[in-house]
Amino acid sequence: MLSVEGIDLFYGDAQALAGVSLTIPEGAITAIVGANGAGKSSLIRTIAGIECPRAGRITYRGQPVQGRPSHEICNLGIGQVAEGRQIFPTLSVLENLEVGSHLPRARRRKAASLAEVFGLFPRLAERKSQAAGTLSGGEQQMLAIGRCLMGRPELIMFDEPSLGLSPALVEQMFRIIERLNRENGLTVILVEQNVAASLQLAERAYVLETGRIVMSGSGAELLNDDRIRAAYMGI
Ligand SMILES: Nc1ncnc2c1ncn2[C@@H]1O[C@H](COP(=O)(O)OP(=O)(O)OP(=O)(O)O)[C@@H](O)[C@H]1O
Ligand SMILES: [Mg+2]
(Lines give C-alpha, C1' and ligand atoms only; values in the text may rest on other atoms or scores of the structure.)
(Ligands and ions follow the chains in the order given, each with its own letter.)
Protein backbone atom coordinates (compact mmCIF):
# COMPACT_ATOMS: atom_id res chain seq x y z
CA MET A 1 0.00 0.00 0.00
CA LEU A 2 2.78 2.39 1.00
CA SER A 3 6.41 2.09 0.14
CA VAL A 4 9.17 4.26 1.59
CA GLU A 5 12.57 3.96 -0.09
CA GLY A 6 15.88 5.47 0.96
CA ILE A 7 14.59 8.53 2.80
CA ASP A 8 17.15 11.07 4.02
CA LEU A 9 15.81 13.93 6.12
CA PHE A 10 17.80 16.82 7.55
CA TYR A 11 16.98 19.62 9.98
CA GLY A 12 19.62 22.13 8.95
CA ASP A 13 22.86 20.16 9.09
CA ALA A 14 21.48 17.53 11.48
CA GLN A 15 20.41 14.31 9.82
CA ALA A 16 17.21 12.88 11.35
CA LEU A 17 16.59 10.01 8.88
CA ALA A 18 19.22 8.11 6.92
CA GLY A 19 18.27 5.75 4.10
CA VAL A 20 14.98 4.72 5.71
CA SER A 21 13.06 2.12 3.72
CA LEU A 22 9.91 0.26 4.67
CA THR A 23 6.83 -1.32 3.18
CA ILE A 24 3.38 -1.03 4.66
CA PRO A 25 1.05 -3.84 3.56
CA GLU A 26 -2.65 -3.07 3.18
CA GLY A 27 -4.87 -4.24 6.03
CA ALA A 28 -2.07 -4.75 8.56
CA ILE A 29 -0.84 -2.99 11.67
CA THR A 30 2.84 -2.08 11.29
CA ALA A 31 4.69 -0.84 14.36
CA ILE A 32 7.67 1.50 14.37
CA VAL A 33 9.57 1.44 17.63
CA GLY A 34 12.65 3.26 18.84
CA ALA A 35 14.05 5.37 21.64
CA ASN A 36 13.47 9.09 22.16
CA GLY A 37 14.93 11.08 19.30
CA ALA A 38 15.28 8.03 17.01
CA GLY A 39 13.31 9.78 14.26
CA LYS A 40 9.89 8.13 14.58
CA SER A 41 7.90 11.36 14.45
CA SER A 42 10.15 12.66 11.68
CA LEU A 43 9.30 9.58 9.62
CA ILE A 44 5.55 10.00 10.17
CA ARG A 45 5.77 13.69 9.35
CA THR A 46 7.75 12.96 6.19
CA ILE A 47 5.13 10.45 4.99
CA ALA A 48 2.43 13.03 5.79
CA GLY A 49 4.19 15.64 3.63
CA ILE A 50 4.97 17.95 6.55
CA GLU A 51 8.73 17.45 6.28
CA CYS A 52 10.50 17.45 2.92
CA PRO A 53 13.15 14.72 2.53
CA ARG A 54 16.44 15.47 0.78
CA ALA A 55 16.44 12.06 -0.89
CA GLY A 56 14.22 9.05 -1.35
CA ARG A 57 10.85 8.00 -2.71
CA ILE A 58 7.46 7.50 -1.10
CA THR A 59 4.82 5.68 -3.12
CA TYR A 60 1.18 5.26 -2.11
CA ARG A 61 -0.91 2.79 -4.10
CA GLY A 62 1.68 2.98 -6.85
CA GLN A 63 1.86 6.77 -7.17
CA PRO A 64 4.76 8.92 -5.96
CA VAL A 65 3.68 11.25 -3.15
CA GLN A 66 6.87 12.84 -1.83
CA GLY A 67 7.00 16.58 -2.43
CA ARG A 68 3.22 16.90 -2.49
CA PRO A 69 1.60 19.27 0.03
CA SER A 70 0.22 17.62 3.15
CA HIS A 71 -3.45 18.40 2.39
CA GLU A 72 -3.11 16.52 -0.91
CA ILE A 73 -1.57 13.55 0.87
CA CYS A 74 -4.43 13.56 3.42
CA ASN A 75 -6.90 13.67 0.58
CA LEU A 76 -5.38 10.49 -0.88
CA GLY A 77 -6.47 8.72 2.32
CA ILE A 78 -3.36 8.97 4.49
CA GLY A 79 -4.39 10.31 7.90
CA GLN A 80 -2.28 10.97 10.96
CA VAL A 81 -2.96 11.37 14.64
CA ALA A 82 -0.03 13.55 15.62
CA GLU A 83 2.05 13.27 18.75
CA GLY A 84 0.56 15.45 21.50
CA ARG A 85 -2.98 15.35 20.02
CA GLN A 86 -3.09 18.93 18.67
CA ILE A 87 -6.81 19.52 18.96
CA PHE A 88 -8.22 23.05 18.89
CA PRO A 89 -8.88 23.76 22.59
CA THR A 90 -11.30 26.68 22.21
CA LEU A 91 -13.45 24.97 19.57
CA SER A 92 -16.18 22.57 20.66
CA VAL A 93 -15.84 18.81 20.26
CA LEU A 94 -18.23 18.93 17.31
CA GLU A 95 -16.34 21.80 15.65
CA ASN A 96 -13.07 19.90 16.02
CA LEU A 97 -14.64 16.88 14.33
CA GLU A 98 -16.04 19.04 11.54
CA VAL A 99 -12.55 20.35 10.79
CA GLY A 100 -11.59 16.77 9.98
CA SER A 101 -14.30 16.41 7.35
CA HIS A 102 -13.21 19.46 5.31
CA LEU A 103 -11.10 17.26 3.03
CA PRO A 104 -12.70 16.97 -0.42
CA ARG A 105 -12.70 13.16 -0.10
CA ALA A 106 -14.70 13.37 3.15
CA ARG A 107 -17.08 16.33 2.79
CA ARG A 108 -20.07 14.55 1.35
CA ARG A 109 -19.92 11.79 3.95
CA LYS A 110 -19.74 14.07 6.96
CA ALA A 111 -23.01 12.92 8.57
CA ALA A 112 -22.16 9.24 8.22
CA SER A 113 -18.62 9.83 9.49
CA LEU A 114 -19.93 11.69 12.52
CA ALA A 115 -22.34 8.85 13.34
CA GLU A 116 -19.44 6.38 13.09
CA VAL A 117 -17.16 8.45 15.32
CA PHE A 118 -19.90 8.91 17.93
CA GLY A 119 -20.57 5.15 17.75
CA LEU A 120 -16.91 4.46 18.43
CA PHE A 121 -16.60 7.15 21.12
CA PRO A 122 -19.97 7.70 22.85
CA ARG A 123 -18.22 10.03 25.28
CA LEU A 124 -17.56 12.50 22.47
CA ALA A 125 -21.28 12.52 21.59
CA GLU A 126 -22.13 13.29 25.21
CA ARG A 127 -19.67 16.20 25.19
CA LYS A 128 -20.11 17.48 21.66
CA SER A 129 -20.89 21.08 22.69
CA GLN A 130 -18.10 21.29 25.25
CA ALA A 131 -14.86 23.19 24.50
CA ALA A 132 -12.27 20.59 23.55
CA GLY A 133 -9.69 22.07 25.92
CA THR A 134 -11.86 21.10 28.90
CA LEU A 135 -11.79 17.37 28.04
CA SER A 136 -9.63 14.91 29.96
CA GLY A 137 -6.40 13.68 28.36
CA GLY A 138 -8.03 10.41 27.30
CA GLU A 139 -11.02 12.21 25.80
CA GLN A 140 -8.72 14.57 23.91
CA GLN A 141 -6.93 11.57 22.44
CA MET A 142 -10.31 10.13 21.38
CA LEU A 143 -11.12 13.47 19.79
CA ALA A 144 -7.81 13.54 17.91
CA ILE A 145 -8.55 10.05 16.55
CA GLY A 146 -12.15 10.99 15.78
CA ARG A 147 -11.07 14.09 13.88
CA CYS A 148 -8.68 12.00 11.79
CA LEU A 149 -11.44 9.45 11.05
CA MET A 150 -13.71 12.27 9.85
CA GLY A 151 -11.24 12.64 6.93
CA ARG A 152 -12.07 9.04 5.84
CA PRO A 153 -8.47 7.72 5.88
CA GLU A 154 -7.56 4.29 4.51
CA LEU A 155 -4.12 4.39 6.13
CA ILE A 156 -3.93 5.92 9.59
CA MET A 157 -0.65 6.79 11.34
CA PHE A 158 -0.64 7.04 15.14
CA ASP A 159 2.25 8.85 16.80
CA GLU A 160 2.45 7.71 20.44
CA PRO A 161 -1.31 7.56 21.06
CA SER A 162 -0.89 6.24 24.60
CA LEU A 163 1.47 9.01 25.73
CA GLY A 164 0.40 10.48 29.08
CA LEU A 165 -2.62 8.21 29.55
CA SER A 166 -3.40 6.11 32.63
CA PRO A 167 -2.80 2.33 32.30
CA ALA A 168 -6.54 1.63 31.90
CA LEU A 169 -6.83 4.22 29.13
CA VAL A 170 -3.68 2.93 27.44
CA GLU A 171 -5.32 -0.50 27.25
CA GLN A 172 -8.51 1.05 25.86
CA MET A 173 -6.51 2.97 23.24
CA PHE A 174 -4.84 -0.23 22.00
CA ARG A 175 -8.24 -1.96 21.78
CA ILE A 176 -9.58 0.94 19.71
CA ILE A 177 -6.64 0.74 17.31
CA GLU A 178 -7.17 -3.02 17.01
CA ARG A 179 -10.85 -2.50 16.32
CA LEU A 180 -10.21 0.17 13.66
CA ASN A 181 -7.92 -2.31 11.95
CA ARG A 182 -10.05 -5.48 12.26
CA GLU A 183 -13.56 -4.10 11.96
CA ASN A 184 -13.14 -0.92 9.95
CA GLY A 185 -10.40 -2.36 7.74
CA LEU A 186 -7.98 0.51 8.30
CA THR A 187 -4.30 -0.02 7.60
CA VAL A 188 -2.31 1.21 10.60
CA ILE A 189 1.17 2.56 11.24
CA LEU A 190 1.71 2.62 14.99
CA VAL A 191 4.53 4.56 16.62
CA GLU A 192 4.68 3.73 20.31
CA GLN A 193 6.90 4.08 23.33
CA ASN A 194 4.90 1.18 24.72
CA VAL A 195 7.04 -1.31 22.82
CA ALA A 196 5.72 -4.62 24.21
CA ALA A 197 2.06 -3.73 23.66
CA SER A 198 2.63 -2.39 20.15
CA LEU A 199 4.66 -5.46 19.07
CA GLN A 200 1.87 -7.71 20.38
CA LEU A 201 -0.61 -5.89 18.19
CA ALA A 202 1.53 -5.53 15.07
CA GLU A 203 1.93 -8.05 12.28
CA ARG A 204 5.17 -6.40 11.25
CA ALA A 205 7.54 -4.04 12.99
CA TYR A 206 10.59 -1.90 12.32
CA VAL A 207 13.15 -0.67 14.82
CA LEU A 208 14.51 2.82 14.25
CA GLU A 209 17.78 3.88 15.90
CA THR A 210 19.29 7.33 15.34
CA GLY A 211 17.55 7.73 12.01
CA ARG A 212 18.20 4.25 10.60
CA ILE A 213 16.14 1.07 10.43
CA VAL A 214 18.28 -1.44 12.33
CA MET A 215 15.89 -4.37 12.53
CA SER A 216 12.58 -5.55 11.15
CA GLY A 217 10.45 -8.65 11.44
CA SER A 218 7.08 -9.89 12.56
CA GLY A 219 5.80 -8.41 15.82
CA ALA A 220 6.24 -11.81 17.48
CA GLU A 221 9.85 -12.15 16.28
CA LEU A 222 10.85 -8.78 17.68
CA LEU A 223 8.91 -9.40 20.87
CA ASN A 224 11.08 -12.47 21.47
CA ASP A 225 14.35 -10.92 20.38
CA ASP A 226 16.81 -10.61 23.29
CA ARG A 227 18.28 -7.32 22.03
CA ILE A 228 14.83 -5.75 21.74
CA ARG A 229 13.81 -7.05 25.14
CA ALA A 230 16.96 -5.66 26.75
CA ALA A 231 16.90 -2.32 24.94
CA TYR A 232 13.20 -1.46 25.04
CA MET A 233 11.47 -3.62 27.62
CA GLY A 234 14.07 -3.72 30.37
CA ILE A 235 14.05 -7.55 30.50
N1 LIG B 1 11.83 20.62 13.96
C2 LIG B 1 13.04 20.15 14.28
N3 LIG B 1 14.14 20.88 14.12
C4 LIG B 1 15.38 20.39 14.43
N5 LIG B 1 15.60 19.15 14.89
C6 LIG B 1 14.53 18.38 15.06
C7 LIG B 1 13.20 18.82 14.77
N8 LIG B 1 12.33 17.81 15.05
C9 LIG B 1 13.09 16.78 15.49
N10 LIG B 1 14.40 17.11 15.49
C11 LIG B 1 15.53 16.23 15.86
O12 LIG B 1 15.49 15.10 15.01
C13 LIG B 1 15.76 13.90 15.72
C14 LIG B 1 14.56 12.95 15.61
O15 LIG B 1 13.45 13.51 16.31
P16 LIG B 1 12.00 12.85 16.29
O17 LIG B 1 11.10 13.80 16.97
O18 LIG B 1 11.66 12.43 14.93
O19 LIG B 1 12.25 11.57 17.21
P20 LIG B 1 11.21 10.59 17.88
O21 LIG B 1 11.71 9.21 17.62
O22 LIG B 1 9.83 10.91 17.46
O23 LIG B 1 11.39 10.92 19.44
P24 LIG B 1 10.32 10.92 20.65
O25 LIG B 1 10.21 9.50 21.11
O26 LIG B 1 10.98 11.78 21.69
O27 LIG B 1 9.03 11.47 20.16
C28 LIG B 1 16.06 14.33 17.15
O29 LIG B 1 17.44 14.43 17.27
C30 LIG B 1 15.40 15.68 17.27
O31 LIG B 1 16.06 16.48 18.20
MG1 LIG C 1 8.15 11.48 18.44
Side-chain angles (χ1 to χ4, degrees), residues 2 4-24 29-58 65-71 73-74 78-87 137-138 140-141 143-145 147-148 153 155-167 169-170 173-174 177 188-202 204-217 219 222-223 225 227-234:
L2 182 82
V4 173
E5 293 165 69
I7 291 291
D8 287 340
L9 175 74
F10 289 80
Y11 297 111
D13 290 337
Q15 187 160 14
L17 297 173
V20 170
S21 298
L22 42 92
T23 359
I24 305 297
I29 298 179
T30 303
I32 298 169
V33 301
N36 287 344
K40 305 180 297 296
S41 298
S42 298
L43 175 57
I44 297 291
R45 291 162 57 82
T46 302
I47 295 170
I50 298 164
E51 306 293 350
C52 183
R54 193 177 288 181
R57 260 174 82 78
I58 302 173
V65 297
Q66 81 275 9
R68 293 214 209 169
S70 55
H71 65 268
I73 292 177
C74 278
I78 303 180
Q80 64 148 342
V81 181
E83 190 174 357
R85 294 156 203 157
Q86 302 183 358
I87 53 151
Q140 290 189 19
Q141 185 59 274
L143 180 56
I145 295 173
R147 189 179 58 190
C148 184
L155 166 64
I156 183 165
M157 305 190 284
F158 290 97
D159 194 350
E160 308 219 11
S162 76
L163 196 65
L165 301 184
S166 69
L169 282 175
V170 168
M173 199 55 63
F174 277 105
I177 292 168
V188 174
I189 298 180
L190 177 60
V191 166
E192 258 297 332
Q193 47 163 355
N194 210 321
V195 173
S198 61
L199 292 181
Q200 272 164 17
L201 205 59
R204 205 173 161 70
Y206 292 88
V207 182
L208 199 55
E209 258 176 32
T210 53
R212 292 173 194 279
I213 302 284
V214 294
M215 210 186 282
S216 67
L222 295 194
L223 201 54
D225 187 280
R227 287 160 297 176
I228 300 294
R229 293 169 76 84
Y232 301 105
M233 294 177 234

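Note that ligands are numbered from 1 as they come in the structure, with each ligand's atoms numbered from 1 the same way.
- In this structure, atom 6 (C) of ligand 1 has a protein heavy-atom contact shorter than 4.0 Å.
- Atom 27 (O) of ligand 1 has as its closest protein heavy atom E83 OE2, 3.0 Å.
- Taking the side chain as every heavy atom from C-beta outward, Q80 and S70 never approach each other to under 4.5 Å.
- Ranking the protein heavy atoms by distance from atom 23 (O) of ligand 1 puts G37 N, 2.8 Å first.
- Atom 10 (N) of ligand 1 has Y11 CE1, 3.3 Å as its closest protein atom, hydrogens excluded (heavy atom only).
- Residues C148 and P153 approach most closely at O-CD, 3.2 Å, considering heavy atoms.
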Using atom types as modelled, flag every donor-acceptor pair under 3.5 Å from a side chain in residues 42-54 to any protein atom, sequence neighbours excluded.
residue	atom	partner	partner atom	Å
S42	OG	Y11	OH	2.8
R45	NE	E51	OE2	3.0
R45	NH2	E51	OE2	2.7
T46	OG1	S42	O	2.6

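- Side-chain atoms of E209 do not come within 3.5 Å of backbone N or O of V214 as any donor-acceptor pair.
- Which parts of ligand 1 touch S41 is read off a 4.0 Å heavy-atom cut-off, strictly below it: atoms 17 (O), 18 (O), 20 (P), 22 (O), 27 (O).
- Taking a cut-off of 2.8 Å, the protein N, O or S atoms nearer than that to the Mg ion (ligand 2) are S41 OG, E83 OE1.
- Distance screen at 4.0 Å: atom 16 (P) of ligand 1 has a protein heavy-atom neighbour inside the cut-off.
- Looking at heavy atoms from C-beta onward, V81 lies out of side-chain contact with D159 at the 4.5 angstrom threshold.
- Looking at E160 against ligand 1, only its side chain comes within 4.0 Å, counting heavy atoms.
- By the 4.5 Å heavy-atom criterion applied to side chains, T30 and L190 are not counted as neighbours.
- Contact analysis puts G39 in contact with ligand 1, with a non-hydrogen atom separation below 4.0 angstrom.
- Within the 4.5 Å cutoff, side-chain heavy atoms of M233 are placed close to those of I228.
- Residue A14 does not touch ligand 1, judged by heavy-atom distances below 4.0 Å.
- What sits closest to atom 25 (O) of ligand 1 on the protein, heavy atoms only, is K40 NZ, 2.8 Å.
- Annotation: R212, atom CZ; neighbour count of heavy atoms from other residues, nucleotides and ligands within 6.0 Å does not exceed 12.
- At a threshold of 4.5 Å between non-hydrogen side-chain atoms, the residues V207 and S216 do not count as touching.
- Contact annotation: the side chain of V33 never approaches that of L208 to less than 4.5 Å [non-hydrogen atoms, C-beta and beyond].
- Residues V191 and F158 have side chains not in contact (no heavy-atom distance under 4.5 Å, counting atoms from C-beta outward).
- Within the 4.0 Å heavy-atom cutoff, A35 counts among the residues contacting ligand 1.
- With contacts defined as side-chain heavy-atom distances shorter than 4.5 Å, the pair Y206/T23 qualifies.
- Taking atom 18 (O) of ligand 1 as the reference point, the nearest protein heavy-atom neighbour is S42 OG, 2.5 Å.
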